[in-house]
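Input: a single structure, listed below in structure tokens.
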Amino acid sequence: MRMLAVLIAILFSVPVPVMAQSALPPAPYANRQIGDPAQERKAKALMETIRCLTCQSQSIADSDASMAGDMRSQIRERIMAGEEPEHIRAWLIERYGDWVSYEPTTNPILWPLWAAPILLIGLGLLLLRGRIRRKRQ
């Protein structure tokens with residue numbers, strides 16, 4: 001009886017990884033380069049500055065995730081259609097948010113984040129100056 005339960009458990013666990021695979025075909029330009037080398041260089045440069053939404057620590061140029069493949073294909077298709085890389089980046093940021101781009105934005109809501117290190121260094125210098133003055137006296 002115990003052997004039957006183990007056998008049933010094994011049979012039910014085997015198909016799970018097979019069913020987890022995507023049934024969708026890969027994007028047409030996910031792993032295929034554009035014929036024009038200049039356009040491929042533009043696409044590759046843009047892909048290296050876009051973050052993979054699945055991996056989160058890799059660019060879509062380096063990621064093997066299916067989402068990254070779809071994004072690579074979209075970038076290549078748009079470049080072949082004549083769009084500029086910055087327009088594509090703006091479209092990706094609009095679609096997925098600021099986080100998708102490795103290039104920092106100058107959005108006014110982020111100004112405190114840029115100013116905080118400068119203010120902290122200034123505060124540290126003021127404290128250091130006061131401490132040095134006290135030691136001299």
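One is the number of the first residue; the rest follow in order along the sequence.
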Minimum heavy-atom distance Gln33-Glu40, with the two atoms named: CA-OE1, 3.5 Å
4.5 Å side-chain heavy-atom contact, Lys42 and Gln39: no
Over 12 foreign heavy atoms within 6.0 Å of CG, Asp98: yes
Smallest separation among heavy atoms of Val100 and Leu53, with atom names: CG2-CD2, 3.9 Å
Between CD1 on residue Ile75 and CD1 on residue Ile50, distance to nearest 0.5 Å: 5.5 Å
Minimum heavy-atom distance between Glu48 and Tyr102, given as atom pair plus value: O-CD1, 3.8 Å
Shared hydrophobic cluster for Ile109 and Trp114 (ILVMFWY, side-chain gaps under 4.5 Å): yes
Trp91 vs Arg78 side-chain heavy atoms within contact, under 4.5 Å: yes
Residue pair Leu46 / Pro85: nearest heavy atoms and the distance that separates them: CD2-O, 3.8 Å
Cluster overlap Trp99 with Met71, hydrophobic side-chain contacts below 4.5 Å: yes
Straight-line distance of Ser63 OG to Arg51 CZ, nearest 0.5 Å: 12.5 Å
Interatomic distance, Ile132 atom CD1 to Leu125 atom CG [nearest 0.5 angstrom]: 9.5 Å
Shortest non-hydrogen separation from Ala43 to Ile34 and the atoms involved: CB-CD1, 4.3 Å
Under 3.5 Å: donor-acceptor pair, side chain of Arg72, backbone of Met47: no
Partners passing side-chain contact (heavy atoms from CB on, under 4.5 Å) against Arg133 (at least two apart in sequence or in another chain): Arg129
Validation row: Arg89, Ile93 side chains within 4.5 angstrom (heavy atoms): yes
side-chain contact (heavy atoms from CB on, under 4.5 Å) against Ser73, all qualifying residues, sequence neighbours excluded: Ala27, Pro28, Tyr29, Glu77
Min side-chain heavy-atom separation Asp36-Ile79 under 4.5 Å: no
Nearest-0.5 Å distance, NE2 of residue His87 to CG of residue Leu92: 10.5 Å
